[in-house]
Amino acid sequence: MSQRELIVLGTASQVPTRHRNHNGYVLRWDGEGILFDPGEGTQRQMLHAGVAAHDLTRICVTHFHGDHCLGLAGVIQRINLDRVPHPVTAYYPASGQRFFERLRYATAYRETVRLREQPIAQGGALTTTQGFTLYARGLDHPVESFGYRLVEPDSRRMLPERLAELGIQGPDIGRLQREGELRGVLLEDVSEPRRGQRFAFVMDTRLCNAVFALAEDCDLLVIESTFLDEDEPLATEHGHLTVGQAARVAAFCGVRHLVLTHFSQRYPDPAVFAQQARAAGFTGELTIARDLDRIPVPKRV
């Protein structure tokens with residue numbers, strides 16, 4: 001089973017429909033569970049998807065429109081009800097501090113978990129762990145909005161045939177990886193560079209430079225495509241992307257797997273989104289997201 005996957009909890013924009021819940025996405029990344037934009041109904045969708053409160057380590061909110069944050073109150077209370085044994089960190093625009101506090105304390109409950117608030121005042125690196133660095137970049141929407149980008153450090157891939165030729169095996173392999181040299185053999189002699197994986201989450205925004213910066217060389221890009229191409233004037237007016245704009249960004253940035261989501265309820269046929277994405281020139285792997293989809297992060301190349 002993949003240790004790195006996206007679990008889609010909801011895919012609607014503005015209002016839920018019979019087939020689409022409000023936004024909600026969980027990225028499983030090794031031992032981390034990162035919840036993005038928990039809209040209304042997220043707690044129930046987690047149950048359907050098999051995601052427990054204990055799985056969550058971080059919450060990332062792009063902005064404080066209701067379809068991206070109204071589920072925060074229930075999720076935070078569930079984390080406390082289940083007595084999650086580790087701290088949970090919440091990232092969100094600093095300009096929406098009052099909204100976060102209202103959602104966090106929407107009703108009475110007993111706080112049992114350390115919820116660390118990390119409001120974002122400007123883009124940049126938010127945190128660095130052993131496995132990744134999480135970044136935020138400001139987007140272009142009527143209210144302050146941030147996109148998120150997760151980058152795994154580059155490393156090296158060991159070459160079994162070279163190790164065998166030089167008689168390096170067992171614990172000596174780990175020692176060579178840690179120390180960079182063993183009995184005159186350099187790590188570079190028995191390995192090759194391996195680029196770290198990249199993931200980005202881009203929600204409500206007009207087309208801007210930050211969208212391209214977030215999407216650059218992503219293995220998996222989750223991006224809003226609220227409107228079809230023929231409604232581009234509406235997209236610009238309301239601060240959103242069309243499917244063609246999102247697909248062209250993905251093609252230009254070398255995205256391997258594109259996940260389109262956040263669909264306006266005005267469009268009953270999701271197949272049209274795929275048609276327009278292909279017409280815009282994206283040739284990589286493409287998913288038109290549905291609620292409860294599980295999408296693995298592409299295998300390393």
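Small disclaimer: the values here were computed from a predicted structure and weren't measured. One-based numbering along the sequence shown.
- A side-chain N or O of Gln77 and one of Thr107 form a donor-acceptor pair less than 3.5 Å apart.
- Put simply, the side chain of Ile295 does not reach to within 4.5 Å of the side chain of Glu5, judged on heavy atoms.
- The backbone N or O of Trp29 sits nowhere less than 3.5 Å from a side-chain atom of Glu32 that would complete a donor-acceptor pair.
- The backbone N or O of Ala235 sits nowhere less than 3.5 Å from a side-chain atom of Arg206 that would complete a donor-acceptor pair.
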Next item on the list: Output, in order, the C-alpha distance, side-chain angles, deciding distance and verdict of side chain to side chain contact (heavy atoms under 4.5 Å, CB included) for Thr261 and Glu224.
Entry: CA-CA 5 Å; Thr261 187; Glu224 68 123 317; 5.5 Å; no
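- For the side-chain contact (heavy atoms from CB on, under 4.5 Å) with Glu232, the lone residue among Thr236, Leu228, Leu234, Asp229 that qualifies is Thr236.
- In terms of heavy-atom proximity, Pro298 sits nearest to His257 at CG-CB, 3.8 Å.
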Note to self: I'd like to know whether Tyr25 forms a side chain to side chain donor-acceptor pair (under 3.5 Å) with Asp293, so could you lay out the CA-CA distance, the side-chain angles of the two residues, the decisive distance to 0.1 Å, and finally the verdict.
What the structure shows: CA-CA 10 Å; Tyr25 312 82; Asp293 274 350; over 6 Å; no
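- Residues Leu241 and Val249 fail the side-chain proximity criterion, which asks for heavy atoms closer than 4.5 Å.
- Checked by atom type, the side-chain pair Arg20/Thr11 shows a donor-acceptor distance below 3.5 Å.
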Next item on the list: Evaluate the side chain to side chain donor-acceptor pair (under 3.5 Å) criterion for residues Asp37 and Thr62: first the C-alpha distance (whole Å), next the side-chain angles of each, then the deciding distance (0.1 Å), finally the verdict.
Entry: CA-CA 6 Å; Asp37 278 7; Thr62 58; 2.7 Å; yes
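- Salt bridge annotation for Asp55-Arg28: present, with a cationic side-chain nitrogen under 4.0 angstrom from a carboxylate oxygen.
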Next item on the list: Please report the C-alpha distance between Thr57 and Thr89 in whole Å, then the side-chain angles of each, then the deciding distance to 0.1 Å, and finally whether the side chain to side chain contact (heavy atoms under 4.5 Å, CB included) criterion is met.
Entry: CA-CA 7 Å; Thr57 56; Thr89 304; over 6 Å; no
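- Here the closest non-hydrogen pair linking Leu47 and Arg78 is CD2-NH2, 4.2 Å.
- Panel note: side chain Asp67, backbone Gln14; a donor-acceptor pair is recorded below 3.5 Å.
- Taking every heavy atom of both residues into account, Val211 and Thr205 meet most closely at CG2-CG2, 3.7 Å.
- Atom CZ of Arg114 sits in a sparse spot, with 12 or fewer heavy atoms from other residues, nucleotides or ligands closer than 6.0 Å.
- Using a 4.0 Å cut-off between charged side-chain N and carboxylate O, Arg162 and Asp189 make no salt bridge.
- The two residues Gly244 and Ala280 make their nearest non-hydrogen contact at O-CB, 3.7 Å.
- Taking each heavy atom of Ser13 and Ser264 in turn, the nearest pair found is OG-CA, 3.3 Å.
- Taking Ile, Leu, Val, Met, Phe, Trp and Tyr as hydrophobic and joining them when side-chain heavy atoms fall under 4.5 Å apart, one finds Val143 isolated, its cluster having no other members.
- Side chains of Glu285 and Arg256 form no contact here, defined as non-hydrogen atoms less than 4.5 Å apart.
- No side-chain N or O of Glu40 forms a donor-acceptor pair with one of Gln45 less than 3.5 Å apart.
- Salt bridge absent: Asp217 and Arg198 never bring a charged side-chain N and a carboxylate O closer than 4.0 Å.
- Ion pairing between a basic and an acidic side chain is recognised when a charged N comes within 4.0 Å of a carboxylate O; Arg156 and Glu192 show no such pairing.
- Environment of CG in Asn209: sparse, with no more than 12 heavy atoms of neighbouring residues, nucleotides or ligands closer than 6.0 Å.
- Below 30°, between 30° and 60°, or above 60°: for Phe64 and Tyr92 the angle between ring planes is above 60°, a perpendicular geometry.
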Next item on the list: List the steps, then state whether side chain to side chain contact (heavy atoms under 4.5 Å, CB included) holds for Leu134 with Tyr91.
Entry: CA-CA 10 Å; Leu134 180 65; Tyr91 308 92; 3.9 Å; yes
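- Classification of the Phe201-Phe199 ring pair by plane angle, with boundaries at 30° and 60°, yields parallel.
- Salt-bridge formation is detected for the pair Arg183/Asp172: a Lys NZ or Arg NE/NH1/NH2 atom is positioned less than 4.0 Å from an Asp or Glu carboxylate oxygen.
- In terms of modelled atom types and a separation under 3.5 Å, the side chain of Asp204 and the main chain of Gly239 share no donor-acceptor contact.
- The existence of a salt bridge linking Glu117 and Arg104 is confirmed by a sub-4.0 Å separation between a basic side-chain nitrogen and an acidic carboxylate oxygen.
- What you find for Ala49 and Arg294 is that their closest heavy atoms are O-NH1, 2.7 Å.
- Within a 6.0 Å sphere centred on CZ of Arg44, heavy atoms belonging to other residues, nucleotides or ligands number 12 at most.
- When only modelled atom types and interatomic distance are considered, His63 and Glu144 share no side-chain donor-acceptor pair under 3.5 Å.
- Tyr148 has its ring centre no less than 6.0 Å from the ring centre of Tyr135.
- Arg98 and Glu101 are not joined by a salt bridge, as no carboxylate oxygen comes within less than 4.0 angstrom of a charged side-chain nitrogen.
- Enclosure of atom CD in Gln122 is not indicated, since only 12 or fewer non-hydrogen atoms of other residues, nucleotides or ligands lie within 6.0 angstrom.
- For the residue pair Ser155 / Arg194, a side-chain donor-acceptor distance below 3.5 Å is found, with atom types taken as modelled.
- In this structure, Leu9 and Leu35 have side chains that are in contact, with non-hydrogen atoms separated by less than 4.5 Å.
- A salt bridge links Arg300 to Glu152: one of the charged nitrogens lies within less than 4.0 Å of a carboxylate oxygen.
- Residues Asp291 and His19 have side chains that never bring a donor and an acceptor to within less than 3.5 angstrom of each other.
- Under the ring pair (Phe, Tyr, Trp, His ring centres under 6.0 Å) test applied with His262, the options His68, His238, His65, His22 reduce to a single match, His68.
- Around atom CZ of Phe252, no more than 12 heavy atoms belonging to other residues, nucleotides or ligands sit under 6.0 Å away.
- With hydrophobic clusters built from ILVMFWY side chains whose heavy atoms lie under 4.5 angstrom apart, Leu207 shares a cluster with Ile223.
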Next item on the list: Evaluate side chain to side chain contact (heavy atoms under 4.5 Å, CB included) for Tyr109 paired with Ile76, printing each intermediate quantity in order.
Entry: CA-CA 10 Å; Tyr109 67 98; Ile76 290 173; 3.6 Å; yes
Margin query: side chain to side chain donor-acceptor pair (under 3.5 Å), that's the test. Do Arg83 and Thr112 meet it? Break it down for me.
Written below: CA-CA 6 Å; Arg83 296 178 178 269; Thr112 64; 4.9 Å; no
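- The environment of Gln169 atom CD is sparse: at most 12 non-hydrogen atoms of other residues, nucleotides or ligands sit within 6.0 angstrom.
- Within a 6.0 Å radius of CD in Gln130, no more than 12 heavy atoms belonging to other residues, nucleotides or ligands are found.
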